[in-house]
Amino acid sequence: MASFSAVRSIAAAPATSRTSLSSLRNPHRLSYLHPSKSSVRFLRRHPRFRIQAIDAAQPFDEEARLVKLHAQSTKLKIAVIGFGNFGQFLAKAFVRQGHTVLAHSRSDYSSVAQSIGVSFFFDAHDLCEQHPDVILLCTSIISTETVLRSLPTQRLKRNTLFVDVLSVKEFPKNIFLQVLPAHFDILCTHPMFGPESARNSWGNLPFVFDKVRIGNEDARLARVDNFLNIFEKEGCRMVEMTCAEHDKYAAGSQFITHTVGRVLEKLQLESTPINTRGYETLLDLVANTSSDSFDLYYGLFMYNKNAMEQIERLDLAFEALKKELFGHLHEVLRKQLFGKSEVGMTRPMLAKLPKNSTPMLPAQSNTSGNQNE
């Protein structure tokens, strides 16, 4: 804005002077005002008028006030239900970004909550009476329904946003729709990382979300955007997809990862003086998966309808691999016994697994000519 001086009225000007001073009382009509001799004489006759520079330092900065109001409007009051390792992990990020965080859990985490700036409530009724903007369920998969039904939702604001962070998505979506009244908003999410995998940074880690039921009011739309913006600010790669799509992909990635990690854990692998990078990767996989509770792994299996198919495919793949391996061994033994392999005999090859939801073909033998019946 160009610098200018304006005449500000403390009391009403005389009627005879209002017409001649109309431009002075409206500084927005002028790009720059040079005091003339006549205006100086007028000001001397009317000391209740004064000249004030608009661009001079003001006792109150309107722009700063608006910026502060905007920042406050984007801050949320988030209630974390289930304040275990993952709940604390998320709460630290919420507090770091200036949000108000409340917490409730079966165990006493009051000292931990106080150390990170979170208000801990032993009674869910007392927490709900604080009228949080967001209820964030950080419970285990198998306890989600019980915890949700135990909450005194009648004490919440009628448009409260409910969010989950479970590793399966169709299950909590269906529970939310069954239990919660229609006036509550629903957002299903899955941060595909945890305290171990994201201990250094959340940068470029996937955050999956599905806006299951969000009201049309501007305030409710802004609230869900403000919540998602928390993870975007932390550098997450935001992925919007349906709960059904998530569970299909997760069964072939997350569940398989946890299954392989659990199998390797049963082998009791140990570090050696000659570890390869591949072996170090396996040890890291075991450490990451075994640090999670078995309830989490059981929930991935029990509450994702695609998990059983992956178990069957993994079993078939292992059997096919053994057949190929033993086929090679059979050929070596025949050469040792008879000096050469039998004519027309070729070793079996590992069948390629088809895509999901397609039965696996049996192991193929690359044999030319007719086979004995």
Would you say [X] and [Y] make side-chain contact, with heavy atoms under 4.5 Å?
| X | Y | value |
| --- | --- | --- |
| Q254 | H190 | yes |
| L187 | L228 | yes |
| L90 | V80 | no |
| H246 | D210 | no |
| L137 | P172 | no |
| R199 | E196 | yes |

Can you confirm whether more than 12 heavy atoms, excluding those of [X], are under 6.0 Å from its [atom1] atom?
| X | atom1 | answer |
| --- | --- | --- |
| Y249 | OH | no |
| E270 | CD | no |
| D123 | CG | yes |
| Q114 | CD | no |
| K305 | NZ | no |
| M238 | CE | yes |

hydrophobic_cluster_shared for [Y] and [X], side chain cutoff 4.5 Å:
| X | Y | result |
| --- | --- | --- |
| V165 | Y109 | yes |
| L180 | I81 | yes |
| V147 | L156 | yes |
| F318 | L282 | no |
| I175 | L151 | yes |

Kindly assign one of parallel, tilted or perpendicular to the pair [X] and [Y], based on the angle between their ring planes and the thresholds 30° and 60°.
| X | Y | value |
| --- | --- | --- |
| F255 | F301 | parallel |
| F171 | Y303 | tilted |
| F231 | W202 | parallel |
| F294 | Y297 | perpendicular |

> In the hydrophobic cluster built from side-chain contacts under 4.5 Å, what are the other members alongside L325?
Replying inline: none
Drop me the distance from [X]'s [atom1] to [Y]'s [atom2], to the nearest 0.5 angstrom.
| X | Y | atom1 | atom2 | answer |
| --- | --- | --- | --- | --- |
| D126 | H104 | CG | NE2 | 10.0 Å |
| I142 | S293 | CD1 | OG | 8.0 Å |
| H328 | L333 | NE2 | CG | 13.0 Å |
| D292 | D295 | CG | CG | 11.0 Å |
| T153 | R155 | OG1 | CZ | 10.5 Å |
| F207 | T189 | CZ | OG1 | 4.0 Å |

> Are S143 and T146 close enough that a side-chain donor and a side-chain acceptor fall under 3.5 Å?
Replying inline: no
Under 3.5 Å, is there a donor-acceptor pair between the side chain of [X] and the main chain of [Y]?
| X | Y | answer |
| --- | --- | --- |
| R220 | I214 | no |
| D133 | K77 | yes |
| H183 | R158 | yes |
| R262 | T259 | no |

Identify the heavy atoms of [X] and [Y] that sit nearest to each other, and give their distance.
| X | Y | result |
| --- | --- | --- |
| S167 | L296 | OG-CD1, 3.7 Å |
| N304 | A250 | ND2-CB, 4.5 Å |
| G87 | F83 | O-CE1, 4.0 Å |
| L161 | I186 | CD1-N, 4.1 Å |
| C188 | V212 | SG-CG2, 3.8 Å |
| R223 | L76 | CG-CD2, 3.9 Å |

Does this structure show an ion pair linking [X] with [Y], if we count only N-O contacts that are shorter than 4.0 Å?
| X | Y | result |
| --- | --- | --- |
| E319 | K322 | yes |
| K211 | D185 | no |
| K169 | D164 | yes |

>> Which residues pass the side-chain contact (heavy atoms from CB on, under 4.5 Å) test with A244, not counting sequence neighbours?
In response: E170, T242
>> Once side-chain contact (heavy atoms from CB on, under 4.5 Å) is applied, do any residues pair with A79, and if so which ones, sequence neighbours excluded?
In response: L102, L127, P132, I135
>> Quick one, N229 with E232, criterion side-chain contact (heavy atoms from CB on, under 4.5 Å). Give me CA distance, side-chain angles, the key distance, then yes/no.
In response: CA-CA 5 Å; N229 193 44; E232 191 170 359; 3.9 Å; yes
> side-chain hydrogen bond (donor to acceptor under 3.5 Å, both in side chains): which pairs involve residues 277-290, sequence neighbours left out?
Replying inline: N275-E280
>> Can you pull out every side-chain hydrogen bond (donor to acceptor under 3.5 Å, both in side chains) where at least one residue sits in residues 87-97? Sequence neighbours excluded, please.
In response: R96-E234, Q97-E234
> Please, which pairs that meet ring-ring contact (aromatic ring centres under 6.0 Å, His included) have at least one residue in residues 119-159, sequence neighbours excluded?
Replying inline: F120-F122
>> side-chain contact (heavy atoms from CB on, under 4.5 Å), that's the test. Do F94 and L136 meet it? Break it down for me.
In response: CA-CA 12 Å; F94 300 158; L136 180 65; 3.6 Å; yes
> Would F89 and C138 satisfy side-chain contact (heavy atoms from CB on, under 4.5 Å), going step by step from the backbone distance to the final call?
Replying inline: CA-CA 10 Å; F89 170 68; C138 292; over 6 Å; no
